[in-house]
Amino acid sequence: MSIIDQTIEWFGEPNRWSWTDPAGVPYRTVEHLQFSLLALAISAVLTIPPALWLAHYRRAQFLATSAVNIGRAIPSFGLVILFWFLASRLEVDTTFWPLMLALVALALPPLFTNTYAGVIQLEQETVDAARGTGHREWQIMLRLELPLASPVILAGARVAFLQLVATVAIGAIVNDGGGLGRYIVDGFALGDPGHGEILAGGIAVVVLALVCEGVFALVTRWVTPRGLAIQSRAETRS
Amino acid sequence: MFPVPAQGGRPLFEWRWVDRHLDEIFERLGEHIVLTAAALAIGLVVSIGVSAISLRRRWFYVIALSTAGSLYVIPSLGAFAVLVPFTGLTSFTTAVIPLATYTLLILIRNIVTGVEQVPKEVREAAIGMGFTRSRLLWQVELPLALPVVIAGLRVAAVTTIGLVTVTSMLGKGGLGYFIRNGIQTATPNPTSIIVGVGLSVVLAVVVDLLLWLGGRALAPWSRKAASR
């Protein structure tokens, strides 16, 4: 039987389209998204406030510029396994937190750097104008710098989210759940007869990533302040 | 691999283990470097070709960037999984194709941006001296774009080195082998994991540094421009 037939057969198995059965693609998709989105949310809460504050006062410039480079050098695969190992050594629960910690660690650098860069690039006149009209510093940060920097912050969030979706798949190696990566890892474990499952899992992961990317682009357009959207559209036209 | 066995077991780091596996460590490091170099070389060749066309046809650049962008979005494990049935579980090709495609986005973007920022006067002077379009690209524009291209190459190299660790899922070697092996023994072996992760990070930092130095040596004017 050819690989394609095997894959089609795999997709046609009973329970494959179940939302409640762990064998179901929808079930694993939801699991995959839960892990990715939760990690993104935790990372955003951890990074954006301090980055906003540090950028407003122009502190920790070196950290902001080098964070992404340092982050890039750390292999996500290694981080997942390392955190899993540490958790198992400390005899804590290994099904959720080790993977979540690894995911958050990977999402922090792009979010931090982009928030910082987004605030830094704003014109000082704008900030001074806000100050002149009697805005407090925290108001400037929240009502001026945060929305104006939002396109850059969202670009960072997009990079982070890409990384997260990819890493959740890898997480299936040590995690009983593991989202759509579950199928790929299980398929590898089966050897030759698993090729259909590997391909099916691969297709599912790829489709999920592409759909996420599309949705993220839409959300970015929706969240960006209207004034900025008009401006950037005018810029691309000229 | 789960449920997790309770372990009292092995100390966090054993020099003895490193000592005993020194040969293997060098072998896997070599494999890691070969995979990285092959992916970067393929990526660079394809990117230069695509960029050369992109510089003349704007619509091609738009298509090339969005294609490379979509490929970049694909999770590494997913890409390997899709290729395995066609190019084989342990084949070099299965590992290299995704690794090379991930470099395309950044390389194409940086080559095109780098060439486009070459001053118009320089280009006109070269054309006035009778340079053909391909000679103009190879002998004037690409060398002048070098600092930007190297910047892209550094990002691509560091990213690729990290991704090569995932290819150990394919039974491919590289330093990922140690990371994976660390949890596949009866009691997890932390030394193996730490060696795998640590060497991968060190390799990334060293390669980044070497490319930076190489860029400075090949394009000394960028240093002068910066100091001015």
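Numbered from 1 within each chain, the chains take letters A, B, ... in sequence-line order.
- You'll find the side chain of A:Phe85 stays beyond 4.5 Å of the side chain of B:Ile179, heavy atoms only.
- For the set B:Val82, B:Val158, B:Val73, the count of heavy-atom pairs under 4.5 angstrom toward chain A peaks at B:Val73.
- In this structure, the portions of A:Leu199 lying under 4.5 Å from any heavy atom of chain B include both its backbone and its side chain.
- Summarising the geometry, atom OH belonging to B:Tyr72 is positioned 7.0 Å from atom CG belonging to A:Leu162; distances are rounded to the nearest 0.5 Å.
- Closest approach of B:Ser76 to A:Ile170, counting heavy atoms only: OG-CD1, 4.2 Å.
- Of all heavy-atom pairs spanning A:Ala169 and B:Leu77, the tightest one is O-CD2, 3.5 Å.
- Of the listed residues (A:Ile81, A:Thr95, A:Leu208), the one with the most heavy-atom contacts under 4.5 Å to chain B is A:Ile81.
- For residues 18-41 of chain A, the pairs satisfying ring pair (Phe, Tyr, Trp, His ring centres under 6.0 Å) are A:Phe35-A:Phe96, with sequence neighbours left out.
- Of the two parts of B:Phe178, neither the backbone nor the side chain holds a non-hydrogen atom closer than 4.5 Å to a non-hydrogen atom of chain A.
- Nearest approach of B:Pro75 to A:Val165, heavy atoms of both residues: CG-CG1, 4.2 Å.
- Note that CG of B:Leu71 and CG of A:Leu210 are 9.0 Å apart. Values are rounded to the nearest 0.5 Å.
- At a 4.5 Å heavy-atom cutoff, A:Leu180 makes no contact with chain B through either its backbone or its side chain.
- Each of B:Ala79, B:Gly162, B:Pro85 has some count of heavy-atom pairs under 4.5 Å with chain A, and the biggest count is that of B:Pro85.
- Proximity to chain A (any heavy atom under 4.5 Å) is shown, for B:Arg154, by neither the backbone nor the side chain.
- Options A:Val68, A:Leu79, A:Ile3, A:Ile184 differ in how many heavy-atom pairs under 4.5 Å they form with chain B, and the most are formed by A:Ile184.
- Residue with the most contacts toward chain A among B:Gly78, B:Ser70, B:Gly69: B:Gly78 (heavy-atom pairs, distance under 4.5 Å).
- The environment of B:Asp23 atom CG is sparse: at most 12 non-hydrogen atoms of other residues, nucleotides or ligands sit within 6.0 angstrom.
- Top candidate by heavy-atom pairs under 4.5 Å with chain A, chosen from B:Val155, B:Ile161, B:Ile194, B:Leu163, is B:Val155.
- Between chain B and the options A:Ala166, A:Pro75, A:Gly78, heavy-atom pairs under 4.5 Å are most frequent for A:Pro75.
- Contacts between residues 197-204 of chain B and chain A, counted as heavy-atom pairs separated by less than 4.5 Å, involve B:Val197, B:Ser200, B:Val201, B:Ala204.
- Put simply, CG on B:Leu12 and CG on A:Leu86 are 7.5 Å apart, with the number rounded to the nearest 0.5 Å.
- Within 6.0 Å of CZ in B:Arg57 there are 12 or fewer heavy atoms belonging to other residues, nucleotides or ligands.
- Interatomic distance, CG of B:Asp208 versus CZ of A:Arg72, reported as 9.0 Å (0.5 Å rounding).
- Smallest separation of non-hydrogen atoms from A:Arg89 and B:Arg10: NH2-O, 2.5 Å.
- Residues A:Trp84 and B:Ile183 approach most closely at CZ3-CG2, 3.3 Å, considering heavy atoms.
- Of the listed residues A:Ile74, A:Thr167, A:Val207, A:Val205, the one with more heavy-atom pairs under 4.5 angstrom with chain B than any other is A:Val205.
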>> For A:His195 and B:Val84: C-alpha separation, side-chain torsions, deciding distance, then whether side chain to side chain contact (heavy atoms under 4.5 Å, CB included) applies.
In response: CA-CA 7 Å; A:His195 279 190; B:Val84 159; 3.9 Å; yes

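- Contact record, A:Phe77 with B:Ser168: CE2-OG, 3.3 Å, taken as the closest heavy-atom pair.
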